[in-house]
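All residue numbers in this chain count up from 1 along the given sequence.
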Amino acid sequence: MIPIYQIPISNLKGVGPKSAERLHHLGLHRLWDCLFYLPYTYQDRRSIRPIDTLENEEEVLIEGELGAIRSIRKKTEIHIADLHDATGSIALQFFNFKPTNLFKLPQGTRIQCFGRIKKMQSKYFMAHPKTCVVEEDKSLVTKEWAPIYPSTAGLDARRLQQWIQDAVQQSLNASKLEWLPTEILHEYQLPTLDEALLAIHLKPDPLILKNKNHPCLTRIKLEELLAHLISWRSQTEALQQPRRHAIKNNTAKALADFSTQYPLVAQTLKTLPFELTSGQQRALVDIFMDFSESRVMNRLIQGDVGSGKTWVAVLAAIAIASQGDQVAFMVPTEILARQHAQNIRQILGQLNIQVEVLVGALSKNERRPIEQRIANGQCQLVIGTHALFQEAIEFSQLKLVIVDEQHRFGVAQRTALVAKGPGHVHRLMMTATPIPRTLAQTLYADLDTSIIDTMPLGRVPIQTLALPSDRRDELAHRLKNLCAQNQQVYWVCSLIEQSDSMQQQAVDQIGEWLNENVHEFRIGIIHGRLKSEEKQNIMQDFAAEEISILVATSVIEVGVHAPKATLMVIENAERWGLAQLHQIRGRIGRSNLASYCVLLYETPLSPLAEYRIRLLRSCHDGFKLAEQDLLLRGPGELSGQRQSGFNVFKCVELQNDYHLIHDAQCILDSLDQLLAKAVFDTTTKPIGTRWFHNSVSQAV
C-alpha cells in the first residue's frame, strides 16, 4: 500500500494528464501537497439571497430566471443579462466577454450566480459572476463556507476546490496526522494537525484568514517551522554530537588560554593597534572551541557594520595557517579582496605566513604562478572572489574556508570551495547585513552563530540628517569646510547615468555638480562599469587621502575602510531599503571624528518612505533596523540555491509570523527532552513534516 504522502495527484477522480500538469504548476504533485495549500479567501455560498436584500460590495449567491440578453457597444462591448426572482431583478454584466452557453439559453432558464454586488445610480448589477444552470441538477450552494484557492490558467476554481478537499479528506481518513505530544499542544493552546486541516479546508471558519494568529493557522505555520528546523538539523551532525557551550564567564581568560595553543595568534594580539572588544573575544573563543573539537566547524558570525568581524576571521586564519594548513578567504568584490590583503599583510609581515590574492581580473600569466603556489602549499592564506572555487584551483591542504558577506554566494558556490579540501574543512561565514536573531535561528539553523554586539572603543555615533533634494546646494559650503580639514566624503547614487524614465540623481550628474561647486578638491567617481584596475586605483587614491570626495554607486557598500571619511550623502534615500541604508551609512564613523550622514530625498515623501527615514535617523542598531526592514519589505530568501526573489517559506509569512520561530525552537527543545526520556515515539516524528521536509531539503 502506497503511503498517503507518496500518492500522486493524478489519483484523484477527474484529474487527467492535462489537469495534473496544471496542478503541478501550483506545486501540487501529491495528495499530501494539498494539505498545506492554503486558501486565500472564503466565500459564503450556504444560502441563496433574495435580490431585494442585496447590499453594495457584498459577495452573495443569488438564484432566478434568466431574462433578456443584450449587448451595448461603447469603448468595449458589454454583454448584459437580466436575472429575476420573486423579489426583484438585477443585471449581470460581462465586459470584453465572448458569448458562452449562458447567452444561448432560452429566457426563463433558472440559474444561480455568485459574485460581488455593485451599485451605480441606485441600480444593482453583478459583474462576471460564476454561474450554473439549476435544471441540470447543478448548484453553487455549499454546506460550509467555500475555500477559494490560488489557481492557474486552465483550471476551474470549483474543480480545484473539489480536488483539494478530496485530497484532504482521503489523507485524514488514511491515518492520524498529529505527531506532537498532547502536553505540547496543551501548553501552546494548539489544535491537532487533523483539526487544523479540517477547519481550514473542509469545515472552514471564515475568521481564520481574518485573524493571522488563529490557532489553526498557527498550528500549520508551526508545522512548517518545525520541519525547517528538523530538516536542517538532519543535514548536520548536531543531534549526534552536540557542541559544547562556549565559555560565558571570563572570556578574556579563555582567549588567553587558547592563544597559548596558537603562539602566532598570541603574538598578533600583542601587535594589533587596538584591543579586541568583548564581542570579538567571545566570537574568537567560540571559534577556537570549535577547532578543539573532533567535528567540523560550521559557524556564522553576525555583527553590525564596523564591529570588527574581519579581524576575528583573520585571527582564526592565523591559527590554522600556523599549523601548516591553508585558508581560503572568499569576499564578494575585487576591491575588498585587495584591501583585505593589503591590511592583513601589514599585520602578518613578521609571521612568515604567505598571503595571495586571486581574482578574476588577473591575466593568465599572473594567475599561473599563484595557482602553482596554492597547489604546492607555498601560501597559507588565499584571499579572493568567485575565482577561488573555479575548477582549475587546487589546494594542497585546505582546512578553513571563510566567506565574507555569505548571502552574496550561493550554496553551490560555497560547497564547491569547501570540496577543494582533502578532508573535513571548517567553515566560517560572516555577514555585515544584520539579520533578526530569531530569523537567523531558522534560516541558518545548520550554523552555530556568534554575535558581535559591541563596537570598538572611541567610535562617535553617526548623526543622521534628512534634507529634501532641492536643498542640495546648502551642502557645498559644508563639503569645502570638511575637505579643508583633510576629511573625506562619500556621495552615493543609485544610478550610473541619468535616466529619462527614472527621476533619480546619477553618478555622472552629481560628479558634474561637484566639479562646479567644489572644484578646488579632487573628486573621484567609481561604479560597477569601470574596469577592475580603474576601480582599484581610485580606491587606493581614496585610501591614501588623495581623493577628497568619492562619488559612487552601492559598490562601496561592503568593506571599504576609510577612517578619514566623516560625511556620507545618499541621494534618493526614499528609494533604498532600511538595511542597505544602514549598511552604506556604516562606511563612515570609523574613527573618533564626528561623522554625519545626510539623506537627500525627493518630495513628496510617501508615508512608508517617511517612516523608513525616520527610523534610520532615530536608530543605529542594525539588528533592530533589520527587523523593521523584514516587516516592511519581507525576507526574500536569505538561504538556499537562489539568493533573492521569493520567500523560502510556503505558509509562514515572516513579516507577521517571525515571532513563532521562538515557539518552534522551544517545542523542538521539548521534543529533544522527551526523546531523551524515551517518552516520545520517534517513529511518528517525521509524519507531520514530510511535505515541508522534502521542500526544505531541495532548497538546502
Can Gln162 and Lys13 be said to form a side-chain contact (heavy atoms from CB on, under 4.5 Å), step by step? CA-CA 10 Å; Gln162 188 60 53; Lys13 183 179 179 181; over 6 Å; no
Please check if the number of heavy atoms outside Glu57 that lie under 6.0 Å from its CD is greater than 12. yes
Counting distance only, does the side-chain N/O of Glu65 pair as donor-acceptor with the main-chain N or O of His84 below 3.5 Å? no
Side chains of Gln170 and Asp166, donor plus acceptor under 3.5 Å: no
Under-4.0 Å salt bridge between Arg110 and Glu63: yes
Leu66 vs Gln107 side-chain heavy atoms within contact, under 4.5 Å: no
Evaluate the ring planes of Tyr37 and Tyr149, with Trp represented by its six-membered ring, and classify them as parallel (under 30°), tilted (30 to 60°) or perpendicular (over 60°). parallel
Verify, without hydrogens or angle tests, whether Arg614 (side chain) and Ser618 (backbone) share a donor-acceptor contact under 3.5 angstrom. no
OG1 of Thr192 to CG of Leu180, rounded to nearest 0.5 Å, is 10.0 Å
Approximate separation, where rounding is to 0.5 Å, of Leu225 CG and Ile220 CD1: 12.0 Å
Specify the closest pair of heavy atoms between Leu599 and Ala573, including all atoms of both residues, with the distance to one decimal. CB-CB, 3.7 Å
Is it true that Arg612 and Glu574 make a salt bridge, defined as a side-chain N closer than 4.0 Å to a carboxylate O? no
Does Lys119 offer a backbone N or O that forms a donor-acceptor pair with the side chain of Asn56 under 3.5 Å? yes
Could you go step by step and tell me if Ile667 and Tyr188 meet the side-chain contact (heavy atoms from CB on, under 4.5 Å) rule? CA-CA 9 Å; Ile667 289 174; Tyr188 290 89; 3.5 Å; yes
So CG of Leu616 and NE2 of His582: to nearest 0.5 Å the spacing works out to 8.0 Å
Could you check whether any side-chain N or O of Asp52 sits under 3.5 Å from a backbone N or O of Gly88, counting only pairs where one atom can act as donor and the other as acceptor? no
Are the side chains of Asp33 and Arg30 in touch, meaning some heavy atoms are under 4.5 Å apart? yes
List the atom of Cys619, the atom of Leu625, and the distance in Å for their closest heavy-atom pair. O-CD1, 3.8 Å
Considering all heavy atoms of both residues, which atom of Arg46 and which atom of Val141 are nearest to each other, and what is their separation? O-CG1, 3.7 Å
Side chain to side chain donor-acceptor pair (under 3.5 Å) assessment of Thr464 paired with Arg585: CA-CA 9 Å; Thr464 304; Arg585 178 173 63 178; 2.8 Å; yes
Inter-residue atom distance Ile111.CD1 - Leu105.CG, 0.5 Å rounding: 7.5 Å
Note, Ile80 side chain near Arg70 side chain (heavy atom, < 4.5 Å): yes
Any donor-acceptor N/O pair, His201 side chain to Leu35 backbone, under 3.5 Å: yes
Side chain Ser469, main chain Leu600, donor-acceptor under 3.5 Å: no
Write down the atom of Pro150, the atom of Leu26, and the distance for their closest heavy-atom approach. O-CD1, 3.8 Å
For the side chain of Asp194 and the backbone of Leu177, is there at least one donor-acceptor N/O pair under 3.5 Å apart? yes
Nearest 0.5 Å please: distance from the CD1 atom of Ile200 over to the CG atom of Leu198. 10.0 Å
To the closest 0.5 Å, what do you measure between OG (Ser10) and CG (Leu28)? 12.5 Å
Please determine which of Glu195, Glu178, His214 meets the side chain to side chain donor-acceptor pair (under 3.5 Å) test together with Arg219. Glu178
For residues Met126 and Ile62, report the shortest heavy-atom separation together with the two atoms involved. CE-CD1, 3.8 Å
Looking at Gly577, is its backbone amide N or carbonyl O close enough to the side chain of Gln580 to form a donor-acceptor pair, meaning the two atoms are under 3.5 Å apart? no
Can you check whether Arg575's main-chain N or O pairs, donor with acceptor, with Asn572's side chain at less than 3.5 Å? no
Salt bridge or not for Glu571 and Arg472, using N-O below 4.0 Å? yes
Would Ser89 and Tyr124 count as a side-chain contact (heavy atoms from CB on, under 4.5 Å) if you check the C-alpha gap in whole Å, the side-chain angles of each, and the deciding distance to 0.1 Å? CA-CA 9 Å; Ser89 65; Tyr124 289 97; over 6 Å; no
Stepwise, does the side-chain contact (heavy atoms from CB on, under 4.5 Å) test hold for Val598 with Ile570? CA-CA 6 Å; Val598 179; Ile570 304 176; over 6 Å; no
Please check if the side chain of Asn11 supplies one atom and the backbone of Ile7 the other of a donor-acceptor pair under 3.5 Å. no
Quick check: do Ile117 and Phe125 have side-chain heavy atoms less than 4.5 Å from each other? no
For Phe114 versus Asp44, what's the shortest heavy-atom pair and its separation? CE1-O, 3.6 Å
